[in-house]
Colleague: 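Before I ask anything, here is the structure I am working with.
Numbered from 1 within each chain, the chains take letters A, B, ... in sequence-line order.
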Amino acid sequence: MVKTIKALGIRAPNAEFLAANVLKNPDTPGEEVRFIVSPGAEAGMEAVARKYGYKAEIAKGEKEVEVRMVPSGKTTEEIDVTGETCPGPVMIVGDKLSSLGIGERLKVKSASADTIADVSAAVTASGSLILNQGKEGDRNFIIVEKAEKKAVAAGTAALASKDRVVVAQSNGIGNAERAYATFIFSKVALSMGKKVTIFFLMDGVGIARKGNAETVKHPAFPVLSQVMDEVIKAGATVYACELSASFRGIKEADLVPGVKLAGAATFIQLLSDPGNAVVNF
Amino acid sequence: MDSTYLVIGLAILVSAMATGFIIFRMQGMHLMAHFVAIILALIATLAAVVTGMTVAVYAAVVLQFIVTITAYTQLVPTLKDSFQTSPGYSAHLAIVTMLPVLALAGLLL
C-alpha cells in the first residue's frame, strides 16, 4: 500500500519540511509515500529522500507534480511473460496485480509487442494505470501502477464500461474448441476484474452434466472439467437453461456443483441488461 | 472368403480416415482410441488384401469390428446431449457402421 499525501498549494521549502516530517515518522517502516504538490514545490525533496533512505521519483504534470518516495533498495517487481500464449500473460499479470496494494508498481516484459498490448488493455480495463512503456533490448515492457477502479454513478456505470460479461454457450462438448473458449474467455474476464455469468443453453447444457466435461481434452489445455471448475471457483455464476436440460433429460442433480438451472426469463434479463457484454460460443 | 468385401472394407477405412480426422479436430484427444483402431484396421485389411493369409483376414475382421465399437462408445456420450452438432458426426458413424456387415460377409459368403 502506498500512502498518498496531497499538498497542493504548499510551496517550497514548506513542502520539503512536510516531506521530511512524513518520512521521519512513517506509519509502517519502509512504506512508500506519494506526494502530490504544486509545480515548483518539489524543489529540495530529492535531498530529503536521500537523507531518510528513500529515492525520489518525480513526475511533472501541468498542474501538479507527483513525488514518489520509494525506500532505497526497494525495486519495482518484474515479471517476464515471454513464451506464454493467450490468455496466460493476462492471467499471470492479473494474479500478480491482485496481490499488490494500491499504488504499487509492476513491470511486465515480453518479447512480443502484441502480448504487451493485450496485457495493457486488460490492465487498463481493470482500473490500473500504465505509467510507462517501451523497449529494452529484445523485450517490450510496461510499468503498471495498481489503482482502484473508479466508481461511476449507478445507471451510467454499466453504459460507461461494461463490467459484466455474459458468455452464452450453445454448442456443448460436440465442439471442443468452443467449449474451451467458453471457460478460457471467462477466466480472462475474471482476471480483468469483470463479473462473469455463463449461460448454457441448447447443446451447451451437456457441458454441465456430471462427467461430460471430463471426456474433453485438448493436448494444449487441461481437461475441460478442470478449466470449468477453476472458473466456477473463481466466482463465475453459471446457469443451465431449464428447457434445454429438460429436452436432454438432465435434472438439477445431474449438474456439476456450482451450476444452477435457470429459466428463459433469466437469460432474457441478462441479454437485456445494457451493462452486460455478451459473448456467444 | 471373398476378397471383394475386404477391398470394399479397405475403401471404407480409407474414407473413415478422412471423416475421422474431421471429427477428431472437433472432439480432440477423446477420440484417440478410435483413431488408433482405424489405423490398425487399415493396416490389417491392407495386409489381408495383399497376402490373402487367413490370419491377416481374421485380424482385419476383428479390428474392423473394434473400429465400429469404439466409434459408438466414444461418440455416444457426446451425441447424447448434442443435438445441434450431431450431424457433424453422422458421416463418420454411417461409414464405420458398414464395416461389421462387410466383415461378416467376407467371412461367411
Colleague: Below 4.5 Å, heavy-atom pairs only: which of A:N212, A:T215, A:V223 has the largest tally toward chain B?
Modeller: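 Heavy-atom pair counts peak at A:T215.
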
Colleague: Does the salt bridge (Lys or Arg N to Asp or Glu O under 4.0 Å) test come out yes or no for A:K96 and A:E77, once each step is laid out?
Modeller: CA-CA 10 Å; A:K96 190 72 203 168; A:E77 282 197 66; 2.8 Å; yes

Colleague: I'd like to verify something: which residue of B:L75, B:T78, B:L31 has the highest number of heavy-atom pairs under 4.5 Å with chain A?
Modeller: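 Counting heavy-atom pairs under 4.5 Å, the top option is B:T78.
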
Colleague: Tell me, for A:N171 versus chain B, whether the close heavy atoms (under 4.5 Å) come from the side chain, the backbone, both or neither.
Modeller: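 A:N171 touches chain B through backbone and side-chain heavy atoms alike.
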
Colleague: A:I250 versus chain B, heavy atoms under 4.5 Å apart: side chain, backbone, both or neither?
Modeller: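 For A:I250, the contact with chain B is made by the side chain alone.
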
Colleague: Highest number of heavy-atom pairs under 4.5 Å with chain B: which of A:M202, A:R209, A:R178, A:E177?
Modeller: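 Top count of heavy-atom pairs under 4.5 Å with chain B: A:R209.
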
Colleague: Indicate whether any N or O donor in one side chain lies under 3.5 Å from an N or O acceptor in the other, for B:Q64 and B:T45.
Modeller: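 Note: B:Q64 and B:T45 side chains meet the donor-acceptor criterion.
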
Colleague: Going by the angle between their ring planes, with limits at 30° and 60°, are A:Y180 and A:H218 parallel, tilted or perpendicular?
Modeller: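 A:Y180 vs A:H218 ring planes: perpendicular.
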
Colleague: If we count only N and O atoms by modelled type, under 3.5 Å, do the side chains of A:R139 and A:T82 hold a donor and an acceptor together?
Modeller: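 A:R139 vs A:T82: donor-acceptor pair found between side chains.
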
Colleague: Return yes if a side-chain donor-acceptor contact under 3.5 Å exists between B:Y89 and B:T19, otherwise no.
Modeller: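 On atom types as modelled, these side chains do not qualify, holding no pair under 3.5 Å.
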
